[in-house]
Amino acid sequence: MGQLMAKLMGIFGKQEHKVIIVGLDNAGKSTILYQFLMNEAVHTCPTIGSNVEEVVLRKTHFLMWDIGGQEALRTTWNTYFSNTEFIVLVIDSTDRDRLLTTREELYKMLAHEALRDASVLIFANKQDLKDSMTTVEISQFLTLSAIKDHPWHIQGCCALTGEGLLAGLQWMQSRATAN
Ligand code: G3D
Ligand code: MG
């Protein structure tokens with residue numbers, strides 16, 4: 001366990017659920033994390049680091065890591081994988097051209113040993129834009145129904161207004177307490 005993680009565990013106690021927020025650049029990862037921090041229903045601690053924030057919903061603590069999505073950074077994703085309980089995959093629902101790349105990144109992560117027990121929340125973001133793909137279209141393209149070895153959930157959202165974000169977080173909360 002890294003030194004920072006050990007320190008954070010000490011501060012917050014043992015019930016800390018590790019979340020990694022992944023997705024291609026421009027998908028809306030940072031905007032989503034920012035919305036969680038602004039939401040009144042969600043209690044947060046002041047910024048811990050440049051890319052990690054604590055989000056608390058109904059006494060369930062999530063430690064959320066916002067991981068950069070540019071191509072050069074994607075090879076570093078696996079350094080964040082250990083002890084991850086939730087993968088939050090953020091998709092720009094208007095970005096048809098890169099959905100195949102997202103699909104490849106998703107299946108690479110699901111095959112990774114360190115993520116064997118991780119649950120996957122997919123945010124189909126930017127639903128406010130009129131050319132956005134629906135959650136059904138995205139589910140079909142990503143063949144989500146074929147994923148049997150990881151719990152998964154897809155949630156449409158708009159990170160700008162926050163619509164759909166709490167529903168996604170609630171799904172994670174119910175999974176975290178079910179385990
Ligand atoms: P990233 O962290 O995944 O790279 P950001 O993505 O959170 O930085 O968001 C990338 C751009 O998408 C930002 O625009 C942001 O405002 C916009 N965006 C994020 N979520 C939504 C959404 O739900 N709807 C719309 N219409 N735009 C969204 P800018 O212009 O600031 O670069
Ligand atoms: Mg970002």
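One-based numbering, in listed order, for ligands and for the atoms of each.
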Under 4.0 Å from [atom], is there at least one protein heavy atom?
atom: atom 2 (O) of ligand 1; answer: yes
atom: atom 26 (N) of ligand 1; answer: yes
atom: atom 7 (O) of ligand 1; answer: yes

Lys/Arg N to Asp/Glu carboxylate O, D92 vs K126, below 4.0 Å: yes
Electrostatic pair D25:R98 at N-O distance under 4.0 angstrom: yes
Which bit of [X] gets closer than 4.0 Å to ligand 1, counting heavy atoms only: side chain, backbone, both or neither?
X: T31; result: both
X: I32; result: neither
X: N125; result: side chain

Before signing off on this row, confirm whether [X] and ligand 1 have an N or O atom pair separated by under 3.5 Å.
X: D25; value: no
X: Q127; value: no
X: C157; value: no
X: D66; value: no

Ligand 1 contacted by A27 (non-hydrogen, < 4.0 Å): yes
N, O or S of T31 under 2.8 Å from the Mg ion (ligand 2): no
Validation row: L142, I138 side chains within 4.5 angstrom (heavy atoms): yes
Sub-4.5 Å side-chain heavy-atom contact between V120 and H153: no
[X]: numbered ligand 1 atoms lying under 4.0 Å from its heavy atoms:
X: S30; result: 2 (O), 7 (O)
X: A159; result: 20 (N), 22 (C), 23 (O)
X: L129; result: 26 (N)

Would you confirm whether [X], through its side chain, and [Y], through its main-chain N or O, come within 3.5 Å as a donor-acceptor pair?
X: E137; Y: T134; result: yes
X: W152; Y: I122; result: no
X: T84; Y: F86; result: no
X: S93; Y: N125; result: yes

Heavy atom of the protein closest to [atom] (residue, atom name, distance):
atom: atom 18 (N) of ligand 1; value: K126 CE, 3.7 Å
atom: atom 16 (O) of ligand 1; value: L160 CD2, 3.7 Å
atom: atom 11 (C) of ligand 1; value: N26 OD1, 3.2 Å
atom: atom 24 (N) of ligand 1; value: D128 OD1, 2.8 Å

Polar side chain donor-acceptor pair, Y107 to T143, under 3.5 angstrom: yes
Among V52, V90, L33, V19, the one residue meeting side-chain contact (heavy atoms from CB on, under 4.5 Å) with D66: L33
Parallel, tilted or perpendicular: ring planes of F62 versus H17, cut at 30 and 60 degrees: tilted
Plane angle bin for F36 and F123 - parallel if under 30°, tilted between 30 and 60°, otherwise perpendicular: tilted
